[in-house]
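Below: one structure, written as C-alpha cells.
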Protein chains: 2
Amino acid sequence: MGFLDKVPRLEALIERLESAEGLEDLQNVIEELRDSFGVDHMIYHWVNSKGDQYGCGTYDLEWVNRYVQKGYLRVDPVIVGCFQRFHPVDWKRFDWSSKAARAFMQDAIEHGVGNQGYSIPIRGPNGQFAHFTLSHNCNDEDWQTFTDKNRRDLILISHSFNQKALEFQPGRTPESSQSLSPREIEAMTLLATGLSRAQAADQLSISEHTLRVYVESARHKLGALNTTHAVARALNRGLIVI
Amino acid sequence: MGFLDKVPRLEALIERLESAEGLEDLQNVIEELRDSFGVDHMIYHWVNSKGDQYGCGTYDLEWVNRYVQKGYLRVDPVIVGCFQRFHPVDWKRFDWSSKAARAFMQDAIEHGVGNQGYSIPIRGPNGQFAHFTLSHNCNDEDWQTFTDKNRRDLILISHSFNQKALEFQPGRTPESSQSLSPREIEAMTLLATGLSRAQAADQLSISEHTLRVYVESARHKLGALNTTHAVARALNRGLIVI
DNA sequence: CGCCCCCTCGCAGTTTCTGGGGAGTAGGAT
DNA sequence: ATCCTACTCCCCAGAAACTGCGAGGGGGCG
C-alpha cells in the first residue's frame with residue numbers, strides 16, 4: 001500500500017501523542033506517526049539562537065550527528081525558510097540557490113533524506129522556534145497530492161507535538177515571576193523603547209532620581225545584572241510590552 | 001438553536017476565509033465565523049512591538065475605542081496570558097488576581113464582552129504576535145463543552161486568519177529583511193543576558209572594540225536608539241533568544 | 001498600631017556606553 | 001574581476017549609567 005492510500009486517524013494519533021510520557025516516548029510517537037502517514041521520515045526539530053537544538057525523528061543517527069557536527073543548522077534552508085514563514089511549506093519553495101545550500105542538499109540525500117519535504121514552522125513563547133517536518137522519496141505530483149490531503153492534520157499534530165516537547169523540556173518553564181509595580185512597568189517600558197533615563201523621567205514627570213529608583217527596584221525584582229538585562233527579562237516574562 | 005448545537009463546516013469556512021480580498025472583507029468573514037459558531041463575539045487582535053495594534057472582530061466599537069484609549073493593552077490578561085502560552089487557553093486560566101485586571105474585566109463585561117472566553121495565541125516570523133479569541137455569555141460547563149468540541153477547528157481557522165491578515169498588511173514586516181549576522185546575534189544575546197561589553201567580548205574571545213562594532217551594527221540595523229533598545233527590539237523580533 | 005510596599009527626591013565617585021574617526025582580511029555574489 | 005558583506009582591531013572625549021549612601025509621606029493589611 002502506497003503512502004497516498006494511508007488514512008491516518010487524527011483522533012487516535014493525537015490521543016497517543018498526548019499520552020506520551022517523556023522525551024524518549026516522543027521518539028516512539030514520531031516513529032508511529034511516520035508509519036501512520038506512510039512517509040520515509042518525520043522529524044521534530046527545536047532550536048534557539050544560541051545554537052542549542054533538540055530533535056527527535058527518524059533520520060539516521062549518522063546524519064543527525066553529521067548535521068550537528070558540520071554546523072548545518074546555519075546552512076539548512078529548512079531552518080532559514082521556516083524561520084521566515086508562518087504557514088507550512090514545501091521544500092521546493094525554499095531558497096536552494098546558494099552553494100552551501102546545494103552542498104547541504106546533496107549531503108542530505110546521500111544520507112537518506114528524501115527528495116521531497118514538507119515543513120511546518122512552529123513558534124512558542126519567548127522566541128521558541130521549532131519545525132515539524134516530513135520527508136519522502138517520490139515524484140512532485142504524488143507529494144503535492146499527499147501534502148494537500150494531510151495539511152490540516154499535520155498542522156494539528158505539529159502543534160500537539162510541540163506542546164508535549166515544551167512540557168518535557170527542562171529550563172523552558174517560566175521562572176517565578178515577581179510582578180512589577182505600575183511605575184516600575186512604566187519606567188521599564190520607556191527604557192525598552194530607547195529613551196534615556198532623563199527622557200523617561202521627563203515623560204513620567206518625575207525626577208531622574210526617582211526613575212532610577214524604579215529601575216533599580218525592577219532590576220532587583222528581576223534578578224537582573226543591569227538595565228539591559230532587566231529589560232530583556234521583563235520582556236521575556238511578558239511583564240512589559242513594547 | 002443554542003451555540004452548542006451549531007455544526008460549523010470547517011471546509012466551507014476556511015474556503016470562505018481564503019477567498020477574502022482585503023481587510024474590510026476580513027471583518028465580514030469574522031462576523032460570518034461568529035455566526036457559524038454561534039458565539040457572542042469573535043476577535044482577531046494583532047499587536048506589535050511599538051504598541052501598534054490592529055484588530056477586527058465583533059466587539060462594540062465603543063469598547064474597542066475605550067480599550068485603545070485607556071491603554072488596556074498593557075493590562076489585558078488575555079494579552080499577557082497569550083504571550084506566555086503556546087496552546088489555546090480558556091480565560092479562566094489567566095491571572096485575574098491583580099486589581100487592574102479585575103477592574104478591566106468588570107469594564108469589559110459592562111461593555112458587552114462575555115463572561116466566558118477562549119483565546120488562541122498566534123506567532124509569526126519576526127516576533128509577530130496576535131491572538132484569535134472567542135467570547136460568550138454562558139455557564140462554565142457549556143463553555144467547556146463548546147471549546148472541547150471546536151478546539152481543533154478553531155486552531156486551523158486562527159492560522160488561516162492570521163495568514164490572511166499578514167497578507168493584507170505588507171507593512172507589518174518593514175525591517176524584516178534586516179537580519180543580524182551570526183556574530184551580531186551572539187553579541188546581542190550575551191548583552192541581553194546581563195553581561196557588560198567587556199565580559200561579552202571576553203566570552204567571545206574578541207576585543208571589546210570588535211564587540212562594540214557588532215553592537216553598533218546591530219543597533220543601526222534595528223533602528224534602535226541605544227543598546228537597551230536594540231536588545232528589546234531584537235527580542236521582540238525573535239532575532240535573539242535568552 | 002506597626003509593618004511593608006509604593007511613590008518621591010537628593011549627592012558623589014566610578015564605570016560604562018556612545019559616536020565619531022580609520023584599516024585590514026576573507027569569502028561570497030554578480 | 002570587482003563589489004559587498006562579515007569579521008577583526010585601534011583611538012579618543014564627552015555623555016550617560018551604575019553603585020551605594022541617604023530622606024520622608026502615603027496606603028493597605030494584620
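Chain naming here is simple, since letters A, B, ... match the order of the sequence lines and numbering starts at 1 in each.
- Side-chain contact annotation: A:Y118 with A:N150, donor-acceptor N/O pair under 3.5 Å absent.
- Applying the side chain to side chain contact (heavy atoms under 4.5 Å, CB included) criterion to A:A198, with sequence neighbours excluded, gives A:S196, A:E208.
- With sequence neighbours left out, A:T189 forms a side chain to side chain contact (heavy atoms under 4.5 Å, CB included) with A:I185, A:I240, A:I242, B:R74.
- In this structure a side-chain-to-backbone donor-acceptor pair under 3.5 Å is missing from A:S119 to A:T133.
- For A:D76, the side chain to side chain contact (heavy atoms under 4.5 Å, CB included) partners at least two apart in sequence or on another chain are A:Y67, A:V78, A:I79, A:F104.
- In this structure, A:R34 has no salt bridge (charged side-chain N to carboxylate O under 4.0 Å, His left out) partners at least two apart in sequence or on a different chain.
- Terminal axes of the helix from C:dC1-D:dG30 to C:dT30-D:dA1 (five pairs each, C1' rotation axis) are separated by 70°, to the nearest 10°.
- For A:H131, the ring pair (Phe, Tyr, Trp, His ring centres under 6.0 Å) criterion is met by A:H45, not counting sequence neighbours.
- Of the candidates D:dA16, C:dT18, D:dA6, C:dT18 carries the atom nearest the B:R197 side chain, counting heavy atoms from C-beta on.
- Residues satisfying the side chain to side chain contact (heavy atoms under 4.5 Å, CB included) test with B:N162, not counting sequence neighbours, are A:F86, B:Y44, B:I122, B:Q128, B:A130, B:L166.
- Screening residues 130-143 of chain B for salt bridge (Lys or Arg N to Asp or Glu O under 4.0 Å), with sequence neighbours left out, gives B:K92-B:D140.
- For the contact set between residues 198-207 of chain A and DNA chain C, defined by any heavy atom under 4.0 Å, the members are A:I206, A:S207.
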Look for any protein N or O under 3.5 Å of an N or O in nucleotides 20-22 of chain C and output each such pair with its distance, or none.
none

Mark up nucleotides 25-30 of chain D, 5' to 3', with B wherever a protein heavy atom is under 4.0 angstrom from a base atom, S wherever such an atom reaches only the sugar-phosphate, and - elsewhere.
------
Measure all distances between protein nitrogen or oxygen atoms and nitrogen or oxygen atoms of nucleotides 25-27 of chain C, and list the pairs falling under 3.5 Å.
none

